[in-house]
Structure formats: structure tokens, C-alpha cells
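Take a look at the structure set out below.
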Amino acid sequence: MLLMNAKNIHYSIGERTLLDIKELAIHEGEKIGLVGRNGQGKTMLLRYLSGELEVIPQVKWYTDYDRLDQIHKGPKEEHQSGGERTLAKLDAIFQNEAPLLFLDEPTNDLDWSRMEALEERLQEYSGACVIISHDRTLLDRTCHKIWELENGILREFNGNYSFYLQQKDQEREQQMEKHLQYLQEKKRIENRIEQKRTQSKGMRKPPRRMGNSEWQLGKNKAAARQKKVERTGKTLERRLNRLERPDKPFEWDQVKLEMDQQSKIHSKYIFQLREVDIQAGHRFLFRIDDILLKTGAKTAFIGANGAGKSTFLQHLLDHHKVLFPKGVKTEYFHQNMGALPDEETVLGYVSKTSRLEESMIRIILARLRFYEEDIHKKIQVLSGGERVKLVLARMLVSEAQLLILDEPTNHLDIEAIEALEKLVQDYPGTILYVTHDRTFVEKTADQLWIIEQEKLNYFDGTWQEWQEALNKPQKAEEDVYNLMTLETKLSELISRLSIPGINEDRSLLEKEYEETLKLVKQLKQNS
């Protein structure tokens, strides 16, 4: 059953066309994900359909609908967090049981467990939904159709977000194939044109065995043949000019990065903490029995809202001189970035503290979608999301060996998040980060810190490996525990080997180290 039909959707601001869609329809039970870069007009499309803009929309409604706006637009209540306000609004909307919902960033400020609860709710909901979200896991698990909004044009893909990505990859491959076919045909025609030119030039001279008198008699015939060859050449030139020129699909993400701006850390671990209680003032947050931060690791720090993640990051920064090896340089990204120098340019600001060559800095900026026309812009004209990308770019090209990032994906669109994922993967230093983006963790983390039941647990492995370990109940838990114990013992042995005690036998220490290392390898192979 048709729930809504809109035609001739058009909206402009000044000379910029934000919406130019011939027709749009929503049917009963459809779960639609609306995606596109920040600033493309996703929220504006919902407002247009709702009649909130200064144009009269050509929309026919065949049902009632309800809408969740981005939470920051509503009045803020001091006793409620952002996540609590989002949940309260979602509860009210689901209780109304409207046959059609428009949800603008429904996962904002929600932690993982609440996101999963929302997914279940949406899967069970019998009505239709249009969901704007940067959460790719949510789009994958709940949506059966994707609307992509780009440069005012809306395209429809019948599948979830992963299917949409596959289709986009296919389109890029087809575009590359067309480009290669064009280059091949262009070369073939150019070769033929060159042959005709050479042939034409040769016709102006008599053949070697032909006498001058014979040449004079056959000159007119030769001239006629020459003109014919030249006409063929001109025809080929016109064909070359008329060839369709498909652009080469260029991906900055494929450009190789050589980020060697940092001094090497020779310690295997940035730090190790044992038997510590973390508090906020007098309030107990969680207990640490034993955790490690491996040098070069990409560590995701996971926990419910209010569990104390940001507090602990600040604790690390406050005690960095005691915890971190001497000389370790650290950069810290937090959600309240503070003021930036508005008069500086994008390239100037990012380059200021970097030892990398400008060409490499430009590649990193391009990966974050700051192209040639953007890098000379002043910071004062950048949007909130662009400022986040700018600060992250400056950190990634700095001399810091350790980046501590608190919610780096907030305010970024999906395209920027995917670009940041690849930069994090390529980054040669150590990164410890907090995020609510589950796909980001799956794609970047090789070590996990997880706060559960007021305890910080450490897992040396990816999110997928952690999930697999959880599904092997008791033995997996024992193996994880044993592995953690053995790796802790290894780090102790390394320390003792580097500076043996007066009464310690180095050969016995080395033997114990080799035996422990063998056990660690066996456990990893069996897991």
C-alpha cells in the first residue's frame, strides 16, 4: 500500500540546488536508509516533505506519520543526558504507533546496548521508516532499501547498506572498465592517424626505381591518392574528438601512505596498569586488575555511557609522565575541541607541526575530502564536521607516537568515517580511542578494553575474535584469562631481562621467557 507520493521535489538556496527529485514514494512496511555526505540535504528533504520549508510541496499523504528530529534541536533538560533524551523521544514515537516514521540520527548519544535494543525495536516495528543515520551497522540490520542523496539527485538501491556499497563498488569497476576501453580505442585511432600522416608524406616523393619523367606522368594520380589518405586521416581525427571520455574513478584511499614522521618507541608496551580503582571524585567507576596498551596497537575502549571512559582517558593524560615511557609524545582529541585559528588555512594549520612532506599531507587531507579547492580555505568558513576532520588530520601527521581519541567519529558523515578508518589502519603509531561506531571498531581495532560490571577487561584481538571467544563459553574465557596472564608475565620477563637483578641468573630468565612465549603461541593457535 502506498503511504506517501511526492513529485517534482525542487529546492534551492541562492544558485545552489539542494533537491531536484522527480518522484519519491514510500510503501507500507518499507525500511529505508537515507544516506549522503553532510550538507547534501538529507534533513532538508524530510523538512520539505513535512511542508516546513517556504515552498508548497507536491506531496500526497495516505497515512499519518511521526518524526524524530536530531536531538540537539530539542530543549535540553539538565537532569537528562543526550542518550536519555533520545530514548524518551523514541519511546514516545513508538507508543504513538504511526504507520510511517522519519528518524533523523536516532542513535545519537546511545551506547552499544541501547543501539542494539533500538535495532530490535525497528526490526519488530511493522510500519515504514525513513532513517537518516551514520551508523552503518543499524542501516545494515534494519533497512531493506537505501536512498542516496548526492548533488540534489536521489538514487534508490534495493538492499541494505552492505548491498549499496557493493553496487557502488561495481559502478566504480564499470567506470574503470569504460575508462580503460576509451584509452585503448584512443591509442588505436591515434596510431592509425599517425600511419596516415606518414603514408601521406611518402606520397610526395617519387619511388626510388621510378624515373623523373614517369613520376611527372603519374603525379596527378599520386596527388589524388594522397588527398584520399589525408581525408581518411581527417575522418579519424574527427572520430577521435567525438570519442566519449569517461573519467577515471580516482580513489585517494588507494594512494600509498609513507608516514614515517615519528621517533620509534622501543618498548613493547606503552604502559601497563595493575590493581587500580578508577574514581570520579569520590564515586567509584571501575576496577582494573591488569591491562596493557601495546605499542603500535589500535585499541578500542568500549563501555556504557557514564561508565567512566572519558574520565579514565583524562586520568592517563594527567599521569602520563609516570605511566608512559620517557619521550612519548601524545595528542588528545576530545569532543569539545575549543577554538581554532580562524584566519589560518586548512593546509597551513595541518602542516604547521608536521615533518611530513607537503605532498603526503595533501594526500591525507584529500583522503579526508579536503581537495585542491579546499586546502587554501580559511578555517573560519569550515563546518563543524570539517573542523573535526581538520583537527584529526593535524594529529595524524604530527610527531606524536600516541593518539588518544574521544569519540572521533561524532559529527562525521559515513564517507568521512570510512576515510578515517583507512587512515587509522595506515597510521604507524599507537591509537587508543572511544567510539560508539561499531563498524569502526570492527574495521580498525586489534586490541579491546571493555568495561563490564564495573571492571575493565583487556582482550588482545579484534572485535570479531572477541565475539568468537564469547561464543566458546567456559574454555574461551579460561583461554582469554590465561593468555592475558601469560602476556603479563612475558612483559615482566622482558623488563627483568633488560635490567637483571643482582641475584638473577640471565640464562634461567631467558629459558623462562622462551617457555612462556611458546605457551602464548599455542594458546593463540588454539583460539
Side-chain angles (χ1 to χ4, degrees), residues 259-303 307-340 350 352-355 388 391-408 410 420 423-424 427-435 444-451 455-460 484 487-488 490-492 494-495 498-499:
M259 299 163 73
D260 56 355
Q261 72 273 28
Q262 307 158 351
S263 304
K264 299 290 182 191
I265 299 174
H266 298 291
S267 171
K268 190 175 179 183
Y269 302 106
I270 297 287
F271 69 83
Q272 180 175 10
L273 273 179
R274 285 185 186 161
E275 298 180 358
V276 178
D277 287 342
I278 301 302
Q279 297 182 182
H282 296 293
R283 186 168 71 93
F284 173 78
L285 294 172
F286 56 84
R287 169 80 175 167
I288 297 172
D289 287 338
D290 196 347
I291 61 163
L292 299 165
L293 184 65
K294 278 187 174 181
T295 302
K298 311 299 183 285
T299 302
F301 187 13
I302 300 160
K309 300 184 296 294
S310 296
T311 302
F312 184 53
L313 294 185
Q314 193 58 56
H315 171 85
L316 295 179
L317 292 164
D318 292 342
H319 298 85
H320 72 279
K321 288 182 180 177
V322 178
L323 291 172
F324 303 163
K326 189 177 179 182
V328 170
K329 294 177 182 173
T330 306
E331 288 279 359
Y332 175 48
F333 174 89
H334 53 93
Q335 297 174 57
N336 302 316
M337 295 180 297
L340 298 178
V350 173
K352 208 168 188 178
T353 56
S354 180
R355 293 192 309 176
V388 169
V391 172
L392 290 169
R394 182 173 161 119
M395 290 181 180
L396 287 162
V397 304
S398 72
E399 295 179 40
Q401 300 112 321
L402 170 63
L403 303 185
I404 297 178
L405 312 177
D406 193 359
E407 296 289 0
N410 275 8
L420 181 60
L423 286 169
V424 166
Y427 182 71
T430 308
I431 301 180
L432 170 63
Y433 65 82
V434 172
T435 184
T444 61
D446 51 23
Q447 182 173 288
L448 307 174
W449 289 358
I450 304 168
I451 301 175
K455 184 180 176 184
L456 178 55
N457 297 306
Y458 164 84
F459 180 73
D460 185 20
M484 286 170 60
E487 287 193 327
T488 302
L490 265 184
S491 67
E492 281 179 10
I494 290 166
S495 301
S498 60
I499 311 174

Decide yes or no on side chain to side chain contact (heavy atoms under 4.5 Å, CB included) for Val276 and Leu456, but give the supporting numbers first.
CA-CA 10 Å; Val276 178; Leu456 178 55; over 6 Å; no
Heavy-atom closest contact ([X] atom, [Y] atom, distance):
{"X": "Val397", "Y": "Ser354", "answer": "O-OG, 2.7 Å"}
{"X": "Ala297", "Y": "Gln447", "answer": "CB-OE1, 4.1 Å"}
{"X": "Ala280", "Y": "Thr311", "answer": "CB-CG2, 4.4 Å"}
{"X": "Tyr458", "Y": "Leu292", "answer": "CE1-O, 3.3 Å"}

How would you list all residue pairs meeting salt bridge (charged side-chain N to carboxylate O under 4.0 Å, His left out) that involve residues 321-334, not counting sequence neighbours?
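Non-adjacent pairs meeting salt bridge (charged side-chain N to carboxylate O under 4.0 Å, His left out): Lys329-Glu399.
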Looking at [atom1] of [X] and [atom2] of [Y], how far apart are the two atoms once the value is rounded to the nearest 0.5 Å?
{"X": "Ile431", "Y": "Leu423", "atom1": "CD1", "atom2": "CG", "result": "9.0 Å"}
{"X": "Ile291", "Y": "Leu273", "atom1": "CD1", "atom2": "CG", "result": "5.0 Å"}
{"X": "Glu407", "Y": "Ser310", "atom1": "CD", "atom2": "OG", "result": "7.0 Å"}
{"X": "Ile288", "Y": "Ile451", "atom1": "CD1", "atom2": "CD1", "result": "8.5 Å"}
{"X": "Phe333", "Y": "Leu392", "atom1": "CZ", "atom2": "CG", "result": "5.0 Å"}
{"X": "Asp318", "Y": "Leu323", "atom1": "CG", "atom2": "CG", "result": "10.0 Å"}

Passing candidate, side-chain contact (heavy atoms from CB on, under 4.5 Å) with Tyr332, options His320, Met395, Gln314:
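The residue from His320, Met395, Gln314 that satisfies side-chain contact (heavy atoms from CB on, under 4.5 Å) with Tyr332 turns out to be Gln314.
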Run through Leu316, Thr430, Leu317 and flag the one making a side-chain contact (heavy atoms from CB on, under 4.5 Å) with Thr330.
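The option that passes is Leu317.
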Taking the side chain as everything from C-beta on, heavy atoms only, tell me whether [X] gets closer than 4.5 Å to [Y].
{"X": "Thr444", "Y": "Leu420", "answer": "no"}
{"X": "Asp277", "Y": "Arg287", "answer": "yes"}
{"X": "Val388", "Y": "Asn410", "answer": "no"}

Please check: side-chain N/O of [X] versus main-chain N/O of [Y], any donor-acceptor pairing under 3.5 Å?
{"X": "Lys298", "Y": "Tyr427", "value": "yes"}
{"X": "Thr295", "Y": "Lys268", "value": "yes"}
{"X": "Lys309", "Y": "Gly303", "value": "yes"}

Parallel, tilted or perpendicular: rings of Phe286 and Phe312 (30°, 60°):
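Taking Phe286 first and then Phe312, their aromatic rings stand perpendicular (interplane angle over 60°).
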Which residue in the set Tyr433, Trp449, Phe459 passes ring pair (Phe, Tyr, Trp, His ring centres under 6.0 Å) when paired with Phe301?
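That would be Trp449.
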Working for salt bridge (charged side-chain N to carboxylate O under 4.0 Å, His left out), residues Arg274 and Asp290
CA-CA 4 Å; Arg274 285 185 186 161; Asp290 196 347; 3.7 Å; yes
Would you indicate whether His315, at its atom NE2, is surrounded by more than 12 heavy atoms from other residues, nucleotides or ligands within a distance under 6.0 Å?
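Enclosed: over 12 neighbouring heavy atoms sit under 6.0 Å from NE2 of His315.
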